[in-house]
> 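My questions all concern the structure below.
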Amino acid sequence: MKKVLISLMIMSSFLFAAPVNQCKETKLTETTSILSCPSGDYEATFVLRSKKRNMSEEPKLKLLGKREPNIINNYNRN
């Protein structure tokens with residue numbers, strides 16, 4: 001039973017870990033970036049500590065534009 005649970009935990013980590021980081025970052029300045037994600041575009045504002053980004057604090061996100069999901073119809077027309 002232990003082996004089954006461990007194998008399920010390992011497989012689930014591989015299945016759900018892939019689509020987590022799909023955002024692309026475009027760095028404008030040291031404090032601001034634009035994040036292009038599948039759900040939309042965001043402006044991220046970071047806090048500086050000694051002229052570098054403070055990675056321990058969360059950036060402030062501002063929604064620039066929301067994207068509609070792509071709908072693909074897979075049917076044959078006669």
Side-chain angles (χ1 to χ4, degrees):
M1 187 67 174
K2 251 186 196 180
K3 290 180 182 180
V4 173
L5 288 175
I6 291 173
S7 64
L8 284 175
M9 287 174 34
I10 291 171
M11 286 190 308
S12 65
S13 66
F14 284 115
L15 289 175
F16 296 113
V20 170
N21 194 6
Q22 294 181 350
C23 296
K24 306 289 184 213
E25 179 183 5
T26 305
K27 192 172 180 180
L28 300 176
T29 63
E30 192 64 36
T31 57
T32 59
S33 292
I34 293 181
L35 301 173
S36 297
C37 300
S39 62
D41 294 333
Y42 299 91
E43 179 183 354
T45 306
F46 297 91
V47 177
L48 292 181
R49 295 265 167 106
S50 67
K51 298 183 182 180
K52 292 186 179 179
R53 286 184 179 178
N54 185 5
M55 299 308 278
S56 63
E57 287 188 36
E58 292 182 10
K60 294 179 183 176
L61 296 176
K62 177 182 170 186
L63 180 65
L64 297 177
K66 189 174 182 179
R67 293 191 187 140
E68 296 297 324
N70 293 335
I71 298 173
I72 299 172
N73 291 325
N74 293 325
Y75 61 91
N76 295 328
R77 292 184 185 179
N78 292 331

> Only counting residues at least two apart or in another chain, list the ones meeting side chain to side chain donor-acceptor pair (under 3.5 Å) with Glu43.
none
> With sequence neighbours excluded, tell me which residues meet side-chain contact (heavy atoms from CB on, under 4.5 Å) with Leu63.
Tyr42
> Under 4.5 Å side-chain heavy-atom separation, chaining through any Ile, Leu, Val, Met, Phe, Trp or Tyr, what else clusters with Leu28? Say none if it is isolated.
Ile34, Leu64
> Working to the nearest 0.5 Å, report the span between OG of Ser36 and CD of Gln22.
12.5 Å
> Taking side-chain contact (heavy atoms from CB on, under 4.5 Å) as the test, write out the residues that go with Thr29, two or more places apart.
Thr31, Thr32
> Please list all pairs passing the salt bridge (charged side-chain N to carboxylate O under 4.0 Å, His left out) test where one or both residues lie in residues 56-66, with sequence neighbours left out.
Arg49-Glu57
